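Beneath this line is the structure, given in structure tokens, with notes to follow.
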Protein chains: 2
Amino acid sequence: METVERLIRSTQELLWERGYVGTSPKAIQAAADAGQGSMYHHFSGKAALARAAIERSGTELRAAADEQLNTPGTATDRITRYLERDRDVLRGCQVGRLAADPEVIADPELRAPVDETLAWLRGRLAEVIAEGKDNGEFAATVDPQRLAATIAAVLQGGYVLARAAGSPEPFEQAVQGLLELVKA
Amino acid sequence: METVERLIRSTQELLWERGYVGTSPKAIQAAADAGQGSMYHHFSGKAALARAAIERSGTELRAAADEQLNTPGTATDRITRYLERDRDVLRGCQVGRLAADPEVIADPELRAPVDETLAWLRGRLAEVIAEGKDNGEFAATVDPQRLAATIAAVLQGGYVLARAAGSPEPFEQAVQGLLELVKA
DNA sequence: GTCTATATGCAGATAGAC
DNA sequence: GTCTATCTGCATATAGAC
């Protein structure tokens with residue numbers, strides 16, 4: 001694999017695990033098996049490399065969500081598939097995780113790809129919900145935007161509860177609790 | 001205020017904003033207006049001080065939740081009051097925030113108070129939901145543990161979405177979306 | 001493109017004086 | 001209890017050789 005690619009992927013991994021504040025250029029270089037000079041040749045610094053890595057993670061998140069949301073079946077089926085898909089729960093969400101990082105939130109260049117990715121997710125879920133409403137799956141009173149935010153929040157919050165507990169169980173409970181409400 | 005107290009409160013603030021990885025002893029000392037020697041006289045190091053600060057934050061979270069959950073009214077009323085209470089949404093949850101920190105999660109001494117606090121919250125919500133079931137407010141099929149996890153996840157995830165968006169709006173949408181489901 | 005040298009300051013303490 | 005001195009190593013680069 002090429003150096004730039006190794007740098008981006010290593011940065012993605014480190015940001016996922018340790019956040020921006022907890023990730024050093026030195027750690028990135030070691031993980032990517034790249035020298036100091038090499039890293040600074042390809043990127044102006046830690047922030048520029050992080051930006052590239054976060055954008056990549058956003059692209060990956062969208063593709064992964066579409067894998068379940070763009071399937072045949074009712075809206076409820078597709079949302080259920082999305083919620084119940086295999087996840088490494090204790091790792092959390094590689095994009096949502098960055099919302100906890102003060103330097104990501106403070107830097108518009110770093111926050112933008114996080115914002116855009118999660119906004120896209122809510123929008124995509126809202127589209128699926130709206131389709132379900134059109135088919136009479138959901139009550140006419142259901143607000144797609146709100147329900148989409150609730151679904152995305154259950155996932156992001158489920159990760160928080162699971163990591164705190166050291167077990168995927170609270171994540172799974174939260175998802176099943178949501179599905180019981182949605183299907184009731 | 002006494003030195004120990006200032007150290008604990010300053011550490012709470014810094015952990016809330018920057019996490020454990022992003023908080024240095026030096027920053028704590030500056031915020032607490034305490035010297036190096038003073039801090040190391042009262043605490044064996046950063047981890048011990050963080051432990052005390054996280055326990056304090058856990059106590060505060062419980063008290064704040066009970067303020068709404070231990071009120072008169074139906075279970076739904078009390079949960080609604082809890083969900084809708086005034087929050088500094090963009091700051092997030094001082095306890096849940098730590099679930100993102102790799103060193104908190106890796107150290108049993110630091111993870112324990114985070115785990116216990118969020119487990120307590122889920123348990124307390126489950127009690128309220130069980131009371132609501134007994135009064136016929138919720139369907140007999142509702143599982144209190146699961147619904148409690150869903151509610152806690154919506155809050156924690158709502159913070160994530162709001163911080164990413166730079167606006168409280170997704171948090172509020174997620175909460176209202178949940179309440180619409182619960183009250184339907 | 002990649003490497004090594006160099007630089008300032010912070011991280012996270014320990015030691016001993018006052 | 002608090003202060004200052006001291007220590008090792010990392011953070012985050014920049015400069016210039018190869």
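It should be emphasised that the depicted structure is a prediction, and the values quoted were computed from it without experimental measurement. All chains are named by letter (A, B, ...) in the order of the sequence lines, taking the proteins before the strands, and each is independently numbered beginning at 1.
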> Restricting to pairs with a member in residues 153-170 of chain B, which pass side chain to side chain donor-acceptor pair (under 3.5 Å), not counting sequence neighbours?
Replying inline: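 For residues 153-170 of chain B: B:R87-B:Y159.
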
### First-last contacting nucleotides on DNA chain D - partner chain A, under 4.0 angstrom, heavy atom
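The contact span of chain A on DNA chain D goes from D:dC10 to D:dT14.
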
Sorted by number, residues from residues 1-14 of chain A placing a heavy atom under 4.0 Å from DNA chain C are A:T3

The ring-ring contact (aromatic ring centres under 6.0 Å, His included) partners of A:Y20 (sequence neighbours excluded) come to none

Pair [X] + [Y]: basic N to acidic O under 4.0 Å:
{"X": "B:E131", "Y": "B:R78", "value": "yes"}
{"X": "A:E137", "Y": "A:K133", "value": "no"}
{"X": "B:R18", "Y": "A:E103", "value": "yes"}

Counting N and O atoms only, with roles assigned by atom type, does the side chain of B:R51 sit under 3.5 Å from a partner on the main chain of B:E109, one being a donor and the other an acceptor?
->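 Yes, the answer is positive, given that a donor and an acceptor are paired below the 3.5 Å cut-off.
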
Please determine whether residues A:V182 and B:V175 belong to a single hydrophobic cluster, defined as Ile, Leu, Val, Met, Phe, Trp and Tyr linked transitively by side-chain heavy-atom distances below 4.5 Å. yes

Under the salt bridge (Lys or Arg N to Asp or Glu O under 4.0 Å) rule, collect the residues that match up with [X], sequence neighbours excluded.
{"X": "A:D66", "value": "A:R124"}
{"X": "B:R97", "value": "none"}
{"X": "B:R9", "value": "B:E5"}

Does any part of the side chain of B:T11, heavy atoms only, come nearer than 4.5 Å to the side chain of B:K46, both counted from C-beta? no

*asked:* Is there a side-chain contact between A:I129 and A:I151 in this structure, where contact means two heavy atoms from C-beta onward sitting under 4.5 Å apart?
replied: yes

Tracing side-chain contacts under 4.5 Å among Ile, Leu, Val, Met, Phe, Trp and Tyr outward from B:I28 reaches B:V4, B:L7, B:I8, B:L14, B:M39, B:Y40, B:F43, B:L49

### Query
Going by side-chain heavy atoms closer than 4.5 Å, which hydrophobic residues are tied to A:V21, directly or by a chain of links?
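Listed partners: B:V21.
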
Report task. Check whether any side-chain nitrogen or oxygen of B:K46 sits under 4.0 Å from OP1 or OP2 of C:dG12, and answer yes or no. Result ->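 Checking C:dG12 against B:K46, a side-chain N or O does come within under 4.0 Å of OP1 or OP2.
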
Can you sort out which residues in [range] have a heavy atom within less than 4.0 Å of DNA chain D? Ascending by number, please.
{"range": "residues 50-57 of chain A", "answer": "none"}
{"range": "residues 100-114 of chain B", "answer": "none"}
{"range": "residues 34-41 of chain B", "answer": "B:G35, B:G37, B:S38, B:H41"}

To the nearest angstrom, the NZ-P distance between A:K26 and C:dA11 comes to 16 Å

Please check if atom CD in A:E17 has more than 12 non-hydrogen atoms from other residues, nucleotides or ligands closer than 6.0 Å.
->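 Not more than 12 within 6.0 Å, no.
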
